[in-house]
4 protein chains.
Amino acid sequence: MTISEAAAPDSSTADATVSPELRVAIMGATGYGGGELVRLLARHPSVRVVGLAARGRDDQPVAVSHPHLSTTLHTIVADIPDDVDAVFLALPHGAAAQMIGELIERKVAVVDLGPDFRLKNAADYPRWYGFDHPRPELLATSVYGLPELHRRELHAIAESDVRIVASPGCYSTTAVLSLAPLARAGLIDDVVVDAKSGVSGAGRDPKPEMMFGEVNESVKAYGVAGHRHVAEIEQELGLLRGSAAGAPVDFLPHLIPMTRGILAACHVRTARPVGQAELDDLYVEFYADERFVSVVDAPPATKHVTGSNEFRVFVHSDERTGRVLAIGVLDNLVKGAAGQAVQAFNVLFGLPEHTGLEQLPLAP
Amino acid sequence: MTISEAAAPDSSTADATVSPELRVAIMGATGYGGGELVRLLARHPSVRVVGLAARGRDDQPVAVSHPHLSTTLHTIVADIPDDVDAVFLALPHGAAAQMIGELIERKVAVVDLGPDFRLKNAADYPRWYGFDHPRPELLATSVYGLPELHRRELHAIAESDVRIVASPGCYSTTAVLSLAPLARAGLIDDVVVDAKSGVSGAGRDPKPEMMFGEVNESVKAYGVAGHRHVAEIEQELGLLRGSAAGAPVDFLPHLIPMTRGILAACHVRTARPVGQAELDDLYVEFYADERFVSVVDAPPATKHVTGSNEFRVFVHSDERTGRVLAIGVLDNLVKGAAGQAVQAFNVLFGLPEHTGLEQLPLAP
Amino acid sequence: MTISEAAAPDSSTADATVSPELRVAIMGATGYGGGELVRLLARHPSVRVVGLAARGRDDQPVAVSHPHLSTTLHTIVADIPDDVDAVFLALPHGAAAQMIGELIERKVAVVDLGPDFRLKNAADYPRWYGFDHPRPELLATSVYGLPELHRRELHAIAESDVRIVASPGCYSTTAVLSLAPLARAGLIDDVVVDAKSGVSGAGRDPKPEMMFGEVNESVKAYGVAGHRHVAEIEQELGLLRGSAAGAPVDFLPHLIPMTRGILAACHVRTARPVGQAELDDLYVEFYADERFVSVVDAPPATKHVTGSNEFRVFVHSDERTGRVLAIGVLDNLVKGAAGQAVQAFNVLFGLPEHTGLEQLPLAP
Amino acid sequence: MTISEAAAPDSSTADATVSPELRVAIMGATGYGGGELVRLLARHPSVRVVGLAARGRDDQPVAVSHPHLSTTLHTIVADIPDDVDAVFLALPHGAAAQMIGELIERKVAVVDLGPDFRLKNAADYPRWYGFDHPRPELLATSVYGLPELHRRELHAIAESDVRIVASPGCYSTTAVLSLAPLARAGLIDDVVVDAKSGVSGAGRDPKPEMMFGEVNESVKAYGVAGHRHVAEIEQELGLLRGSAAGAPVDFLPHLIPMTRGILAACHVRTARPVGQAELDDLYVEFYADERFVSVVDAPPATKHVTGSNEFRVFVHSDERTGRVLAIGVLDNLVKGAAGQAVQAFNVLFGLPEHTGLEQLPLAP
């Protein structure tokens with residue numbers, strides 16, 4: 001791939017004597033989520049990436065699948081080392097549930113970017129994902145890895161033998177963070193979540209409808225029969241509200257001609273009129289201590305957060321319609337996937353939550 | 001601009017002895033809507049373009065503003081000829097209302113692509129457009145140029161001295177055609193219209209936020225305080241329903257990184273449950289005789305209609321949420337502007353409605 | 001695919017009594033080139049499309065592969081009818097050569113969009129395409145279908161039993177038309193052709209490197225070991241120059257993030273100094289009678305010709321470097337493929353050359 | 001702009017006791033180059049940004065011009081502080097030369113991203129930039145800030161009172177680094193540099209031709225009469241070669257539909273035949289100690305380096321044509337502008353050259 005690498009970097013990680021190094025591995029390293037994990041963890045000052053795995057790619061330099069990461073000099077291995085502190089899983093749904101037993105036995109912390117441990121109700125797996133969960137007893141102890149909502153639970157399992165973080169879906173993070181303050185205040189009567197995503201959320205396998213010629217200069221809706229992330233969104237809004245039952249969420253995703261970014265426009269019919277001042281207070285207070293969340297006063301663009309772990313939300317009380325509009329944006333591969341996974345990992349290991357996630361967004 | 005034009009075309013228009021030639025002019029020819037009118041009318045078999053006007057561009061070859069139209073050899077003129085049969089106006093709002101008196105006196109048919117004659121209630125102009133309408137008495141006789149809904153009225157004014165066609169807004173056309181069958185059946189209880197548009201709808205004047213570097217790889221909502229097209233949408237849905245009052249439409253437009261195309265996702269809470277079969281019947285019947293409308297059985301992409309005068313709509317009854325979803329797509333510069341204007345012009349002049357509008361969509 | 005088609009169109013073709021209808025078929029109708037042929041031929045006033053074939057797609061509505069063409073109501077068939085006047089082939093290389101025997105026997109005119117009959121020297125096939133030509137004797141009688149250069153030969157075979165038009169490659173058309181006047185004047189001493197293409201030229205099969213996420217916001221060169229179109233370019237420039245030998249053409253193609261369009265920048269070292277006035281005269285005269293070629297006085301953009309059969313060229317004599325720069329643009333699917341094939345077909349059947357090709361470019 | 005910022009970050013800079021903090025200011029902070037400087041310097045461990053200036057923007061939060069940088073909480077000021085160690089200038093050409101006197105008097109180090117001190121020959125300023133240089137005597141002492149070629153000179157001025165770094169143009173960096181090993185070896189007989197750039201290189205002022213609707217789905221050449229960066233390219237290649245005279249460089253830039261990135265394809269006619277092995281050795285050796293340069297064995301895409309300070313180059317000896325092809329890519333706003341400026345700044349201040357520049361590229 002590369003004839004002459006850039007000159008070998010002196011280590012950019014912190015001094016091992018002051019900051020104990022955590023050894024981590026990534027399974028499913030050749031997809032978009034996996035690549036983003038490599039990008040972030042390779043510059044994480046308390047982490048050493050000691051193994052990248054990906055089916056059918058043994059001994060392949062990471063540069064083959066991720067040319068932009070060629071300077072990391074990593075190579076895909078058949079098996080990750082035994083002595084890892086944590087493993088990140090970026091695998092097709094069902095795969096993590098299959099291998100979780102072995103990982104638990106090794107007492108390694110697991111941060112799963114897939115859906116296998118996100119839903120608390122085992123019956124949701126056959127319904128939304130088409131498989132019976134092989135280890136339903138683990139759904140109760142795994143933590144939904146949205147630190148803004150479940151930080152305490154992440155701390156709670158930090159010393160456990162079984163540490164499973166179920167990193168949320170990209171749409172779910174966008175929708176739930178956009179609506180959380182309203183949900184907790186019990187103000188959501190009914191909600192339409194109309195979301196727009198770049199194509200990287202669809203993964204990397206070549207599909208005819210994801211070719212440049214089909215996507216560029218076009219927009220379309222998909223998943224009209226019910227997108228899987230609805231299950232997570234309803235679960236989390238229910239938890240915030242404090243009651244499982246609630247009006248079903250009308251969720252519609254769109255594919256738009258860009259690579260990264262999700263914007264969710266949440267059209268809320270509120271239980272009672274909510275004015276702009278109350279709305280602002282509600283959101284500002286809710287997110288007051290959150291490093292990665294900004295409440296903004298103009299509709300945000302996805303480009304404002306590209307490449308970063310930021311989430312931005314705008315709320316508007318519409319006097320004409322009596323509705324509330326909440327618009328959230330994030331980078332689906334960072335705050336919507338790898339970045340959020342690293343954030344939860346940091347919490348789990350007692351590191352400052354933003355460690356390795358301090359990059360500012362890249363624009364234009 | 002051009003050193004050597006392509007060899008002079010022999011006339012592509014119909015033989016003057018068999019197809020009487022209509023003389024038309026375009027005011028505001030250098031914008032995107034104006035350019036699209038030139039593109040379509042230059043190949044319209046019953047039309048001869050006899051004058052293109054644009055402020056500050058006198059004597060400029062059309063190729064300066066529209067290099068793609070250089071082979072038409074048109075030049076911008078200071079004044080359009082007196083003896084035109086029809087004039088198309090593609091001007092900033094307010095301008096058409098100012099000059100309408102003179103055009104009426106000349107008894108020329110007017111097809112206005114701007115908003116000056118779309119709203120029936122004169123009070124809506126100061127509210128939505130910030131000006132008092134100078135000729136409110138003309139609002140009653142002008143026809144909202146959506147042939148699928150107002151064909152009869154277009155026929156009715158064909159022999160009048162005053163012929164004003166108010167060609168609909170691009171978002172309005174998308175939303176109204178997506179919802180018309182439901183509206184006429186009285187089935188809309190409440191509706192969220194979440195729309196996505198390419199940038200050409202924002203016109204051609206250079207604005208910082210429309211630069212490629214700002215738009216590409218980004219999506220944002222705008223007009224949260226109330227987009228002007230809401231007034232038209234509510235007017236037309238009210239007419240279809242047969243009663244002026246109705247729940248206000250929650251309309252939210254987004255700018256996405258593409259040039260042409262609008263997609264409107266209409267999330268409808270229906271007055272009573274409506275199953276898929278009833279929904280299909282309703283739409284198929286409503287649009288049975290419409291040349292430019294297709295009811296499709298999968299979510300359409302804007303790319304399916306690019307460059308054509310087609311409108312496509314998909315409807316879905318969602319059992320989980322109890323809502324109806326209607327998704328419509330069109331090319332904002334054709335069916336959303338110039339094409340629809342030509343379609344209404346054809347009706348007004350007794351031509352087959354699709355004359356000059358037979359181009360198939362351009363994909364990929 | 002479609003629940004309710006747009007209302008059935010009345011025929012848009014010319015009156016059968018005055019314009020005898022030619023019956024044509026398309027093999028390979030589901031690719032991009034095939035779709036473009038359908039788009040153009042469906043509106044060609046002297047043509048009736050009587051058969052679309054595509055391997056493995058029997059009985060499939062054309063809307064499945066080409067949703068934008070759904071209103072044509074065509075269906076893919078297993079076998080094209082016997083009584084066709086012409087067949088267009090849009091097939092992988094080698095396939096046309098295999099089936100040519102049968103088509104010749106049926107005395108049907110063949111317009112091949114692939115490379116199987118473009119090269120006059122049979123030895124070029126194993127070298128550039130990796131197969132031995134099964135019917136080398138046909139290479140002499142087939143005509144390279146660039147009407148601007150080979151119109152007379154197209155006329156010459158019009159009454160033959162064997163009528164094979166080898167429609168040129170997209171890069172070849174761009175480079176050859178950009179350089180033809182200089183080549184014929186014997187002025188090219190040495191040339192670098194640096195070309196940029198949209199992705200549709202790479203066809204429609206899903207490939208990882210053609211996914212939107214890989215192509216957008218990126219540019220790369222490819223084919224550095226020698227792109228196949230070089231063989232055609234050198235053949236045609238040699239014919240124009242009147243001698244087979246000449247400096248090899250340095251040709252480098254790039255993939256850029258757009259769907260349609262090719263731009264070729266041809267950097268020419270001339271045999272003797274050529275000033276701007278001489279250059280202009282040379283090009284204007286050479287293309288004086290060409291309907292589809294414009295010599296322009298500013299660097300053209302591919303967007304100036306999108307969707308049309310136009311070719312535009314700009315020439316510049318650079319006093320500082322002593323070189324000549326020729327920049328040509330076209331739409332790779334129209335003048336670079338389907339449109340040019342229809343143009344040659346028109347010549348072959350004695351129709352006005354621009355019949356069915358009068359659409360103006362689509363911009364923005 | 002922002003109602004509620006993300007929670008105040010704890011300082012991400014290094015401990016002041018171990019790493020003395022350098023105080024820097026940026027003039028012209030609201031353009032694309034300025035924004036990129038803020039992005040990089042805000043995370044530079046040895047730097048504290050103490051002043052951002054931009055004409056007509058006094059007291060404006062940086063978030064107004066750079067929403068993506070809102071979490072930095074910077075505000076534009078009228079005057080930068082007196083006690084800065086270095087100032088970065090991202091200004092229109094001519095502006096830096098005007099204000100340099102005052103900056104020199106204050107003995108502040110100047111890193112100028114504009115062209116005012118790049119050219120050694122004062123006569124080149126009226127020729128290429130249309131102004132007479134007001135301080136020609138400074139051209140000799142300023143250093144062309146390409147560390148890979150002028151590192152020693154940067155060190156040499158580190159202790160001087162007058163420290164002016166003339167950061168190279170984006171095209172110049174790409175072309176010069178692509179060709180440097182060949183130039184130093186005296187192997188370039190003649191070269192065509194055909195470059196492709198994203199739009200951010202054209203700056204941020206709204207121009208009609210930079211609107212999304214004009215740029216997307218299009219490519220065009222520009223600057224055919226002579227792009228200003230030619231002067232730098234010829235100067236640096238001359239220095240490498242060791243003789244001022246040489247064949248003029250044929251340089252042609254293109255605008256392609258992307259935001260970031262430059263690719264330069266350099267078509268070289270060599271003084272004598274150069275085989276692939278010799279070519280590889282030449283490049284590998286030349287760049288052996290360079291942290292930011294990789295010699296790669298397949299044509300690189302601009303996306304491989306987006307957001308990073310990397311430069312990648314591919315070289316190919318073409319047996320058929322006898323030419324050498326060198327293809328270089330970089331991110332025009334990082335290695336082509338702000339990143340390279342920070343790199344030179346690091347050298348000037350004795351910091352490890354990659355300090356603050358360790359971000360991996362962002363893909364997809």
Inspect the surroundings of CZ in C/R48 and state if more than 12 heavy atoms from other residues, nucleotides or ligands are less than 6.0 Å away. no
ring-ring contact (aromatic ring centres under 6.0 Å, His included) filter on B/H68, not counting sequence neighbours, yields B/H66
Go through the structure and list residues passing ring-ring contact (aromatic ring centres under 6.0 Å, His included) with B/F212, not counting sequence neighbours. D/F212
Heavy-atom closest pair (B/L360 atom, C/V38 atom, distance to 0.1 Å) is CD1-O, 4.5 Å
Option from B/H304, B/E310, B/R312 for which side-chain hydrogen bond (donor to acceptor under 3.5 Å, both in side chains) with C/S70 holds: B/R312
Where C/S294 and B/T71 come nearest, the two heavy atoms and their spacing: OG-CG2, 4.2 Å
Does a sphere of radius 6.0 Å around CD in C/E285 hold more than 12 heavy atoms from other residues, nucleotides or ligands, not counting ones at 6.0 Å or beyond? no
Top contributor to chain C interface from B/V305, B/N216, B/T355, B/L69 [non-hydrogen pairs under 4.5 Å]: B/N216
Chain B contact via C/E217 - side chain, backbone, both or neither, heavy atoms under 4.5 Å: side chain
Using non-hydrogen atoms only, which part of C/L333 is less than 4.5 Å away from chain B: side chain, backbone, both, or neither? side chain
For C/R184, I'd like to know if atom CZ has over 12 heavy atoms of other residues, nucleotides or ligands within 6.0 Å. no
Cut-off 4.5 Å, heavy atoms of chain C, and the answer for B/S308 is neither
Region of C/R260 that comes under 4.5 Å of a non-hydrogen atom in chain B: side chain
